[in-house]
Engineer: 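Quick one: the structure is below, questions incoming.
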Amino acid sequence: MNKAHVEQYTADKDKMFFHRKSLFMSIILLKTICILLAACCFPACSQFNRQLTEQERIRIFQEKFAVLPDTSFQIEKHKIMYVRFDDDEDRNEVIILENKKKRWEEIRRDTLNEFSFEPVRSVSIVNLNDKSYLYYEGNIYQGNTGYEADYVLYDYTFYQFYSIAYSFYISKGEFIESDNLSENKELQEFLRVKAYNSSDNEPESDADKYARLFLQDNEAAINQLDSSTGEPVTFNMTKTKAELFDLSDTDLYILRAENEQYIVVSGFRAPAWGYDKATSEYFCIWALESVYDWVDSLQFDDGNLIIQIVNGGFRYRVDLEHFVYTNVKKEENTND
């Protein structure tokens, strides 16, 4: 091989190496671009192709509704179910979002329970009959006349509720099953175990019992008082040595009035309680017939207790020594 051939061979070899190097660098650059593009698109695309974290589910809900959910579940690849307590409406809701064309849209909203002042409990996904349900427990308060404890399965495929409620009124409790439960034996058995073994159905406290006793013993007197035009109405009073309230609890009992003989307290959606200093006995002065029947103000006036009730704006003057009530609002209207 002469010198010219050697030089041409070397040049061709260098040229081929340069092309291979350029091709390799192009492949590296292309892969880098693909990785960067994938990284940019991953947050949106990943919502379609993988299980979302709790933080991601919360962020989706917050961006859409500007509030936080209490609980969330990814029930399908493109669906998220949320449970949230609406404090403004006193109810719990379930909300289902579906990802359609890269946008999360609300496809279903149901009320889990109303007239509730706290979030539902024991929220979980359970599998029965090869199908998934949302399970939860919740309470509905009816003042001091009673309450209802609910044990519920929510079919989030066909949007049906299956429930057992323990309903307590004055002095009697009973279990009430939803009509559709008898057709679903496995669901019925599951809810019966939950309801019958719940601590929510245990006997009430002394305070609860005396509040209900006040309503039970004074049903006719309360009706007479609300319809009277200033006439005194005598109530039945039951005193007890049992400590019905903590005299030092100023956080719960934000209303307090005191004179030489009595201490009287009440709080938000709570009965009004009295304490007789002379006998060291407790007694109920007012109990809630409904959740809106709570006491708004307490004060002593010339030896008598003045109670202001939120519901209806009623004002009562109470002679605690003889347990005689007078509808002051009716009396004032009559004088006018």
Engineer: Who clusters with L112? Use side-chain heavy atoms, under 4.5 angstrom, across I, L, V, M, F, W and Y, and order the result by chain and number.
Structural biologist: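 Members other than L112 - counting any ILVMFWY side chain reachable under 4.5 Å - are F73, I75, M81, V83, V94, I96, I107, V120, V123, I125, L134, Y136, V152, Y154, Y156, Y159, F161.
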Engineer: Around atom CG of D179, are there more than 12 heavy atoms of other residues, nucleotides or ligands at under 6.0 Å?
Structural biologist: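 No.
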Engineer: Under the 3.5 angstrom rule, does the side chain of S266 hit a backbone N or O of P271 as a donor-acceptor pair?
Structural biologist: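 Looks like yes, one N/O pair under 3.5 Å.
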Engineer: With under 30° as parallel and over 60° as perpendicular, where do the rings of F245 and W273 fit, or are they tilted in between?
Structural biologist: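 The rings of F245 and W273 lie parallel, inter-plane angle below 30°.
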Engineer: Can you tell which of L305, L255, I307 makes a side-chain contact (heavy atoms from CB on, under 4.5 Å) with V264?
Structural biologist: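 It is L305; the other options fail the test.
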Engineer: Within a strict 4.5 Å, meaning less than it, do heavy atoms of the E98 and E76 side chains meet?
Structural biologist: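 E98 vs E76: side chains apart.
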Engineer: Is it the case that over 12 heavy atoms from other parts of the model lie below 6.0 angstrom from the CD atom of E219?
Structural biologist: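 Not buried by this count: 12 neighbours or fewer within 6.0 Å.
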Engineer: Could you walk me through whether S198 and Y151 pass the side-chain hydrogen bond (donor to acceptor under 3.5 Å, both in side chains) test, one step at a time?
Structural biologist: CA-CA 9 Å; S198 174; Y151 309 88; 2.9 Å; yes
Engineer: Heavy atoms only: give me the nearest S227-N223 pair and the separation to one decimal.
Structural biologist: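 Shortest heavy-atom separation between S227 and N223 comes out as OG-O, 2.9 Å.
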Engineer: Just so I know, are the side chains of Y82 and F65 near enough to count as touching, which here means a heavy-atom distance under 4.5 Å?
Structural biologist: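 Answer no - side chains too far apart.
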Engineer: Contact between F61 and R84 at the side-chain level, heavy atoms closer than 4.5 Å - yes or no?
Structural biologist: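 Yes; the side chains approach each other to less than 4.5 Å.
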Engineer: Does CD belonging to E260 count more than 12 external heavy atoms closer than 6.0 Å?
Structural biologist: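 Incorrect, the count does not exceed 12.
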Engineer: Quick one: does any side-chain atom of R57 pair with a main-chain N or O of L52 as donor and acceptor, under 3.5 Å?
Structural biologist: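 Such a contact is found between R57 side chain and L52 backbone.
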Engineer: Between the side chain of N99 and the main-chain N/O of K102, is any donor-acceptor distance below 3.5 Å?
Structural biologist: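 Yes, because the side chain of N99 sits within donor-acceptor range (under 3.5 Å) of the backbone of K102.
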Engineer: Looking at K185 and E189, is there a salt bridge between them, counting it only when a charged N and a carboxylate O are closer than 4.0 Å?
Structural biologist: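 No, this pair does not count.
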Engineer: So, the side chain of Q55 versus the backbone of I58: is there a donor-acceptor pair under 3.5 Å, distance only?
Structural biologist: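 Between the backbone of I58 and the side chain of Q55 there is no qualifying donor-acceptor contact (under 3.5 Å).
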Engineer: State, yes or no, whether a side-chain contact exists between R256 and L298 at a heavy-atom distance under 4.5 Å.
Structural biologist: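 When only atoms from C-beta onward are counted, L298 and R256 do not touch, as no gap falls below 4.5 Å.
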Engineer: Should the ring pair Y316 and W286 be called parallel, tilted or perpendicular, given that the plane angle runs from 0 to 90° and is split at 30 and 60?
Structural biologist: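 Rings of Y316 and W286: tilted, as their planes differ by 30° to 60°.
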Engineer: Ignoring hydrogens and angles, tell me if any N or O in the side chain of N218 forms a donor-acceptor pair with the backbone of N236 under 3.5 Å.
Structural biologist: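 Here the side-chain-to-backbone pair exists.
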Engineer: I'd like to know if the side chain of D70 and the backbone of F85 have a donor-acceptor N/O pair within less than 3.5 Å.
Structural biologist: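 Yes.
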Engineer: Ignoring hydrogens and angles, tell me if any N or O in the side chain of N92 forms a donor-acceptor pair with the backbone of N113 under 3.5 Å.
Structural biologist: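 Side chain of N92 to backbone of N113: no pair is present.
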Engineer: A side-chain contact here means heavy atoms from C-beta on lying under 4.5 Å apart; do E63 and W104 qualify?
Structural biologist: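 Sidechains of W104 and E63: no contact.
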Engineer: Are side-chain heavy atoms of Y262 and E321 found at a separation under 4.5 Å?
Structural biologist: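 Yes. Closest side-chain heavy atoms under 4.5 Å.
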Engineer: List the atom of L320, the atom of F283, and the distance in Å for their closest heavy-atom pair.
Structural biologist: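 Closest pair (atom of L320, atom of F283, distance): CD2-CE1, 4.2 Å.
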Engineer: Would you say F235 and I285 make side-chain contact, with heavy atoms under 4.5 Å?
Structural biologist: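 They are not in contact (no side-chain heavy atoms under 4.5 Å apart), so the answer is no.
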Engineer: So which heavy atom on I176 is nearest to which on S167, and how close?
Structural biologist: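 Distance-wise, the nearest heavy atoms are CD1-CB, 4.1 Å.
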Engineer: Taking the side chain as everything from C-beta on, heavy atoms only, tell me whether S163 gets closer than 4.5 Å to L181.
Structural biologist: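 No, side chains not in contact.
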Engineer: Can you check ring-ring contact (aromatic ring centres under 6.0 Å, His included) on F190 and Y133, steps first, answer last?
Structural biologist: CA-CA 12 Å; F190 174 86; Y133 299 84; 8.8 Å; no
Engineer: Are Y210 and Y282 close enough that their ring centres sit under 6.0 Å apart?
Structural biologist: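 Between Y282 and Y210, which both carry aromatic rings, the centre distance is not below 6.0 Å.
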